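First comes the structure, then the notes that go with it.
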Amino acid sequence: KNDTCMHHNCFSSLCMAAEELKQVALRAIDARIGDLQVLSSDIWNHPELAFQEEHAHQLLTKFLEESGFQVERSFGVSTAFRATFGGGRKQADDCLNIGVICEYDALPTIGHACGHNLIAEAGVCAALGLQAALRSLPEPQQQRAKVTVLGCPAEENGHGGKVVMIEKGCFSGVDCAMMVHPFTVDAVDLNALANITREITFTSPKDPKTTPTMGVPCAAVPGAQGSANALDAVVLAYSSLSVLRQQLKPTWRMQCIVSDGGGKSLSVAYTPPRKATLEYVFRTPTNREIPELLDKATKCFKAAAESTGCEVEIKEKLRIYKDVVTNPTLAALYLRNTRALGLQFSETTDKFSASTDMGNVSHLMPSIHPLYTIGTAAVNHTRGFTEATNSPEAHRTTISAGKAMAMTGVDLVCDPSLVQAMKSSHQ
């Protein structure tokens with residue numbers, strides 16, 4: 001009975017400490033709302049492509065450094081960074097290291113159509129809240145926790161900034177990772193897909209007996225009627241994969257572009273292209289399904305080459321994005337904190353069918369990647385969404401999403417059993 005009472009008192013004390021620290025975090029965030037909006041708007045007004053985010057890198061690192069974080073610029077990647085606060089016991093096993101992710105790259109021609117300026121704002125927002133909470137702890141407890149902000153460039157278009165950072169050990173020592181993403185629904189689990197891209201190039205054999213003279217009509221060249229046409233192989237491959245769709249799982253996705261139809265090397269339309277290229281993106285709900293889909297597609301590519309007398313080269317293009325594995329403990333905490341803030345988040349959504357390199361992080365450590373609305377019906381990667389990502393409503397909901405991350409971090413700091421549950425549930 002005494003043990004039960006002691007456990008109850010200890011748990012009650014933890015809950016009280018967590019609630020008090022959350023209020024500290026929320027007040028600290030509220031005091032910087034104007035600064036955070038200026039930060040986000042500055043990034044929005046200076047859109048930068050993958051691995052070229054020099055302005056955002058300088059802006060974010062300066063902001064965090066002036067806010068009391070220890071900053072390491074060009075951390076593994078020229079436009080990446082790490083900013084830390086707390087955790088004097090750097091080598092201690094019991095020092096909890098909470099990771100918060102910032103993204104800040106934009107899209108070609110349409111700027112911040114995926115709202116990465118807001119992702120950066122939310123990450124800094126959460127970090128400021130956690131920093132204030134850690135500062136208010138007694139010195140011994142301050143040593144047992146730290147917050148790490150990881151600035152991650154080049155998420156868009158498969159460039160995989162986080163994949164590069166993982167390879168360079170930039171996530172080493174971090175116990176969990178949190179980020180949020182603007183979207184059209186409020187949901188904790190986004191069900192992001194695994195993603196792999198292949199470049200398929202068909203070429204006709206370099207045999208002078210069967211290769212028409214450049215610029216001469218095929219019919220005018222002896223034997224040209226039997227020569228290989230790389231564009232025929234592209235068309236056949238595309239048609240084969242279109243037919244293949246009815247044999248695939250409904251949750252599998254394939255997207256294609258013809259990146260070179262053969263015209264780049266030709267001066268006249270009647271010369272058979274000797275080279276033509278396709279690019280295919282393959283997506284599946286889980287990483288383990290990718291090889292099966294890729295095997296089926298590869299057979300179609302090889303068959304198209306053989307039936308047209310062409311040679312085929314299949315190359316990996318861009319980096320593999322794994323599916324996002326949402327940590328159930330972190331997700332439950334985040335959901336509870338959103339509701340404490342008066343937000344109406346659902347546990348999951350089936351409306352998200354894209355991919356992200358945050359999936360690779362989630363396979364490495366416990367992670368969450370919630371989605372949140374910004375007051376627009378426009379969808380991501382459109383000009384309408386670009387306009388919305390610098391609106392007052394977008395900044396308001398971004399602050400709320402960042403607050404929920406800070407509150408989730410406080411829960412972990414105050415209750416070691418939650419940390420253990422988080423780690424145990426990581427798969």
Side-chain angles (χ1 to χ4, degrees), residues 38-64 72-83 101-124 149-168 170 179-183 192 195-199 255-257 259-260 264 277 279-281 283 315-322 354-361 369 374 378-391 394 398:
V38 170
L39 181 73
S40 177
S41 293
D42 197 337
I43 296 172
W44 188 89
N45 280 307
H46 297 86
E48 298 166 301
L49 301 182
F51 297 118
Q52 301 173 32
E53 312 93 334
E54 295 179 3
H55 179 80
H57 175 267
Q58 175 61 22
L59 191 69
L60 289 162
T61 54
K62 183 175 183 287
F63 186 98
L64 288 163
E72 297 168 81
R73 293 173 171 82
S74 298
F75 185 62
V77 178
S78 62
T79 53
F81 68 85
R82 179 170 68 178
I101 304 296
C102 289
E103 293 178 356
Y104 34 89
D105 60 317
L107 287 157
T109 72
I110 55 175
H112 280 288
C114 210
H116 289 193
N117 60 305
L118 299 175
I119 296 173
E121 179 182 6
V124 174
V149 185
L150 287 166
C152 302
E155 186 276 338
E156 294 290 4
N157 296 330
H159 291 288
K162 296 183 195 65
V163 182
V164 178
M165 292 176 71
I166 289 171
E167 292 169 354
K168 292 179 177 291
C170 297
M179 68 168 284
V180 293
H181 201 301
F183 193 57
N195 174 322
I196 193 169
T197 303
R198 288 290 185 266
E199 181 181 76
Q255 287 99 22
C256 170
I257 62 168
S259 55
D260 179 7
K264 291 181 179 180
T277 303
E279 288 182 19
Y280 261 94
V281 177
R283 304 179 196 263
K315 294 195 303 185
E316 181 177 309
K317 186 174 183 180
L318 305 177
R319 293 177 173 87
I320 298 171
Y321 282 9
K322 297 182 179 180
S355 305
T356 168
D357 56 4
M358 186 62 182
N360 299 58
V361 177
H369 187 296
I374 58 172
V379 297
N380 298 60
H381 290 211
T382 65
R383 294 188 184 278
F385 203 83
T386 302
E387 294 302 315
T389 56
N390 196 33
S391 68
T398 296

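On a predicted model such as this, the values are computed, not experimentally measured, just so you know. Heads up: numbering here begins at 1 and tracks the sequence.
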- Query: Are any non-hydrogen side-chain atoms of Asp357 and Arg319 less than 4.5 angstrom apart?
  - Reply: no
Point to revise | pair Leu39-Glu121: side-chain heavy atoms closer than 4.5 Å | key: no
Electrostatic pair Glu279:Lys317 at N-O distance under 4.0 angstrom: yes
- Measure the shortest side-chain to side-chain distance between Ile257 and Tyr280 over non-hydrogen atoms and say whether it is less than 4.5 angstrom. no
Checklist entry - Is there a side-chain contact between His112 and Asn45 (heavy atoms, below 4.5 Å)? => result no
Quiz item: Under 4.5 Å between any side-chain heavy atoms of Arg198 and Lys315, yes or no?
Solution: no
What one should report as the nearest heavy-atom pair of Leu318 and Gly158 is CB-O, 3.3 Å
Exactly one candidate in Thr389, Asn117, Thr386 meets side-chain hydrogen bond (donor to acceptor under 3.5 Å, both in side chains) with Trp44; the answer is Thr389
Give the C-alpha distance, both sets of side-chain angles, the deciding distance and a yes or no for side-chain contact (heavy atoms from CB on, under 4.5 Å) between Thr382 and Ile110.
CA-CA 7 Å; Thr382 65; Ile110 55 175; over 6 Å; no
Rounded to the nearest 0.5 angstrom, the SG-CG distance for Cys102 and Leu150 is 9.0 Å
Exercise. According to the interplanar angle, ranging from 0 to 90°, do the rings of Phe81 and His57 count as parallel (below 30°), tilted (30 to 60°) or perpendicular (above 60°)?
Worked result: perpendicular
In short, Pro182 meets Asn380 closest at the heavy-atom pair O-ND2, 3.2 Å
Main chain of Gly151, side chain of Tyr104: is a donor-acceptor contact present, judged purely on distance under 3.5 Å? yes
When every non-hydrogen atom of Ala378 is compared with those of Phe385, the smallest separation belongs to O-CD1, 3.3 Å
Open item on the list: Checking His116 against Glu156: is there a side-chain donor and acceptor pair closer than 3.5 Å?
Closed with: yes
Item to complete: May I ask you to check whether His55 and Asp42 show a side-chain donor-acceptor distance below 3.5 Å?
Response: yes
Ile320 vs Val163, side-chain contact (heavy atoms from CB on, under 4.5 Å): CA-CA, chis, key distance, verdict: CA-CA 8 Å; Ile320 298 171; Val163 182; over 6 Å; no
Worksheet item: Between the side chain of Ser74 and the main-chain N/O of Val77, is any donor-acceptor distance below 3.5 Å?
Response: no
What one should report as the nearest heavy-atom pair of Pro153 and Met165 is CD-SD, 4.0 Å
Open item on the list: When you measure from the side chain of Thr356 to the backbone of Gly359, do you find a donor-acceptor pair of N or O atoms at a distance under 3.5 Å?
Closed with: no
Checklist entry - Can you check side-chain contact (heavy atoms from CB on, under 4.5 Å) on Tyr321 and Asn360, steps first, answer last? => result CA-CA 6 Å; Tyr321 282 9; Asn360 299 58; 4.3 Å; yes
Verdict with supporting geometry, His369 and Val180, side-chain contact (heavy atoms from CB on, under 4.5 Å)
CA-CA 5 Å; His369 187 296; Val180 293; over 6 Å; no
Backbone of Ala154 reached by a side-chain donor or acceptor of Glu53 within 3.5 Å = yes
Would you say that Ile119 contacts Met179 through its side chain, given a criterion of any heavy-atom pair below 4.5 Å between the two side chains?
yes
query = Donor-acceptor pair, Asp105 side chain versus Glu155 backbone, under 3.5 Å?
reply = yes
Q. Would you call Leu49 and Pro108 a side-chain contact if the rule is heavy atoms closer than 4.5 Å?
A. yes
Closest heavy-atom pair, Gly76 versus Cys170, reported as atoms and distance to 0.1 Å, is CA-SG, 3.9 Å
Practice prompt. Compare all side-chain heavy atoms of Glu316 with those of Thr197 and state whether any distance is below 4.5 angstrom.
Written response: no
Of all heavy-atom pairs linking Ala83 and Leu64, the shortest is CB-CD1, 3.8 Å
d(Glu199 CD, Ser259 OG) to nearest 0.5 Å is 5.5 Å
In this structure, NZ of Lys162 is separated from CD of Glu103 (nearest 0.5 Å) by 3.5 Å
Does atom CD (Glu54) have a neighbourhood of more than 12 heavy atoms from anything else shown, all under 6.0 Å?
no
So CD of Glu48 and CG of Leu107: to nearest 0.5 Å the spacing works out to 13.5 Å
